[in-house]
Amino acid sequence: MKFTLRLAPPLDVRRRDVADQTGGRSTGPWITAWELRRNRWTFPSTDCQFMSMKRHISPRNAGWRTVDAPQGLGSPKPLIVRVQSLPARSYFAEHSHSWNQLVYAISGALTVKADGRRVVISPEQAVWLPAGTKHSVGSLMGAEFRSLWVANTASQGMTSGTTVIHVSPLLRTLIVEAASLKGEDHCYAARVIALILDQLRRATPISAALPWPTHPGLLALCETLYADPANPRHADRWGREIGMSQRTLTRHFEREVGMSLRAWRQRLRLLKAIELLGSDLPITEIALRLGYSSASAFIFMFRSEMRVSPLQHRRNLSHAASRGTSSRHRSGPQGSPHRSR
């Protein structure tokens, strides 16, 4: 079986200002952030922002800008790696492919909407989309997009439905490696591709992704909490701000998201922790940004959920990133069989 790996154009070719792609237009107003000082730390908050929400709910995707996918990539034979930087509050409009797709980002969080559901995934998660699935993908805070297009002929043994999967350290490293290939070493590229496809067949479905509501008021609430996980407001206060009683908010939220607001906020803090651990912020500052009273409370939560400490998780991320960087230097001009332009 002959393997061909094609990649998106080099990053410097595809990095265009989103404003250029949208004609510099703003798609509408959105909630701005005020600053709340706690102790000596400064965090974003929204104490005064929901006053107008009873009178005006921003339309869906307000303040977000569309991003164009690279053109001329063709169809996967059997695999294409999409490499693209997503600026904050940018998204790919709803579309579908005649091939399968693994939606993934090596850093940052992605919001994926498919089959009437919306989820937010961290760099340890990906969404498998079978051929023909209508979907849109965006990022609230920005992300490094590394998506896979997989031919139908290469997807035997993979899940047949839209599924959130766990991205193992090996699969992440293989995706980083595949995205770095540049030359004409067909045999090496074929081995990398074969390993990626095997890993996708062995991938474990998970339910740890962050579900996202579609109701405009609940959507604004969740985006506010995403920007400021330390916000101390409870359901009764949120309900008053968006024109709902606490009971109505609780009922609508659980119906749309499948969990209580309190459980959702706990999962949000974990996802944000994973995202922030990819930066160089001190552990104590991350804990405070997430709303924990101490670093020890944050470490206990993280270890309970992830089975490793935040520091060890950061080391694991750094190790995977360094392996990807070293492979790019090692491959030099020799790497993938060919790259689409």
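From M141, atom CE reaches atom OG of S107 across 12.5 Å, with rounding to the nearest 0.5 Å. Atom CZ of R265 is separated from atom CG of L270 by 15.0 Å, given to the nearest 0.5 angstrom. Interatomic distance, R262 CZ to R267 CZ, rounded to the nearest 0.5 Å: 15.0 Å. Atom CD of residue Q199 and atom CD1 of residue I175 lie 9.5 Å apart, to the nearest 0.5 angstrom. One finds the CG atom of L268 at 6.0 Å from the CG atom of L210 (value rounded to the nearest 0.5 Å). Rounding to the nearest 0.5 Å gives a distance of 6.5 Å between CG of L261 and CG of L225.
Considering only heavy atoms from C-beta on, L129 stays 4.5 Å or farther from D115 through its side chain. Taking the side chain as every heavy atom from C-beta outward, L290 and K272 approach each other to under 4.5 Å. Side-chain atoms of R118 and P213, non-hydrogen and from C-beta on, never get closer than 4.5 Å to each other. W238 is not listed as a side-chain neighbour of F253, based on a closest heavy-atom distance of 4.5 Å or more. For the pair L79 and I196, the minimum side-chain heavy-atom distance is below 4.5 Å. L197 is listed as a side-chain neighbour of M158, based on a closest heavy-atom distance under 4.5 Å. With contacts defined as side-chain heavy-atom distances shorter than 4.5 Å, the pair T214/E256 qualifies. I80 places none of its side-chain heavy atoms less than 4.5 Å from the side chain of L148.
Of all heavy-atom pairs spanning S96 and T133, the tightest one is CB-O, 3.5 Å. Between A131 and N152, the shortest heavy-atom distance links the atoms CB-OD1, 3.4 Å. Smallest separation of non-hydrogen atoms from A114 and T162: CB-CG2, 4.3 Å. Between Q246 and A235, the closest heavy-atom pair is CG-CB, 4.0 Å. When all heavy atoms of Q84 and D68 are compared, the pair lying nearest together is NE2-O, 3.0 Å. Closest approach of R289 and L281 over heavy atoms only: NH1-CD1, 3.7 Å.
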Inset, instruction - Start with the C-alpha gap between L195 and I193, add the side-chain angles, then the distance that decides, and say whether side chain to side chain contact (heavy atoms under 4.5 Å, CB included) holds. - result: CA-CA 5 Å; L195 285 171; I193 291 171; over 6 Å; no
Legend entry - Pair L86-F92, side chain to side chain contact (heavy atoms under 4.5 Å, CB included): steps then yes or no: CA-CA 9 Å; L86 289 182; F92 300 106; 3.5 Å; yes
Inset, instruction - Carefully, step by step, assess Y104 and L110 under the rule side chain to side chain contact (heavy atoms under 4.5 Å, CB included). - result: CA-CA 8 Å; Y104 179 62; L110 295 175; 5.6 Å; no
Legend entry - CA sep, side-chain torsions, deciding dist, call: L200, L171, side chain to side chain contact (heavy atoms under 4.5 Å, CB included): CA-CA 8 Å; L200 291 178; L171 178 56; 4.1 Å; yes
Legend entry - Steps toward side chain to side chain donor-acceptor pair (under 3.5 Å) verdict (E177, Y188): CA-CA 11 Å; E177 178 70 3; Y188 178 68; 2.5 Å; yes
Inset, instruction - Would you please test R237 and H234 for side chain to side chain donor-acceptor pair (under 3.5 Å) and show each step? - result: CA-CA 6 Å; R237 180 71 182 277; H234 297 290; over 6 Å; no
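For R247, the salt bridge (charged side-chain N to carboxylate O under 4.0 Å, His left out) criterion is met by no residue, not counting sequence neighbours. For A88, the side chain to side chain contact (heavy atoms under 4.5 Å, CB included) criterion is met by no residue, not counting sequence neighbours.
Of the possible donor and acceptor atoms, none in the side chain of S180 sits under 3.5 Å from a partner among the backbone N and O of A178. Between the side chain of S90 and the main chain of V67, no donor-acceptor pair closer than 3.5 Å is present. Judged purely by atom type and a 3.5 angstrom limit, Q125 uses its side chain to pair as donor or acceptor with the backbone of S122.
Between L249 and the options H215, M244, E241, a side chain to side chain contact (heavy atoms under 4.5 Å, CB included) holds for only M244.
Salt-bridge check for E223 with R89: passed, with a basic side-chain N closer than 4.0 Å to an acidic carboxylate O. Ion pairing between R172 and E124 fails under the 4.0 Å rule for side-chain N and carboxylate O.
W149 and W99 have tilted rings, their planes meeting at an angle from 30° to 60° on a 0 to 90° scale. Between W64 and Y91, the ring planes lie perpendicular to each other; the angle is over 60°, past the 30° to 60° tilted range.
A continuous path of hydrophobic side-chain contacts links L102 to L170 [ILVMFWY only; heavy atoms under 4.5 Å]. Hydrophobic clustering of Ile, Leu, Val, Met, Phe, Trp and Tyr side chains at less than 4.5 Å, counting indirect connections, keeps L311 apart from V308.
Aromatic rings of F302 and Y292 (six-membered ring for Trp) have centroids beyond the 6.0 Å cut-off, not under it.
Pairs engaging residues 113-141 under the ring pair (Phe, Tyr, Trp, His ring centres under 6.0 Å) rule: H95-H135, H97-H135 [sequence neighbours left out].
Heavy atoms from other residues, nucleotides or ligands lying under 6.0 Å from CZ of R202 number 12 at most.
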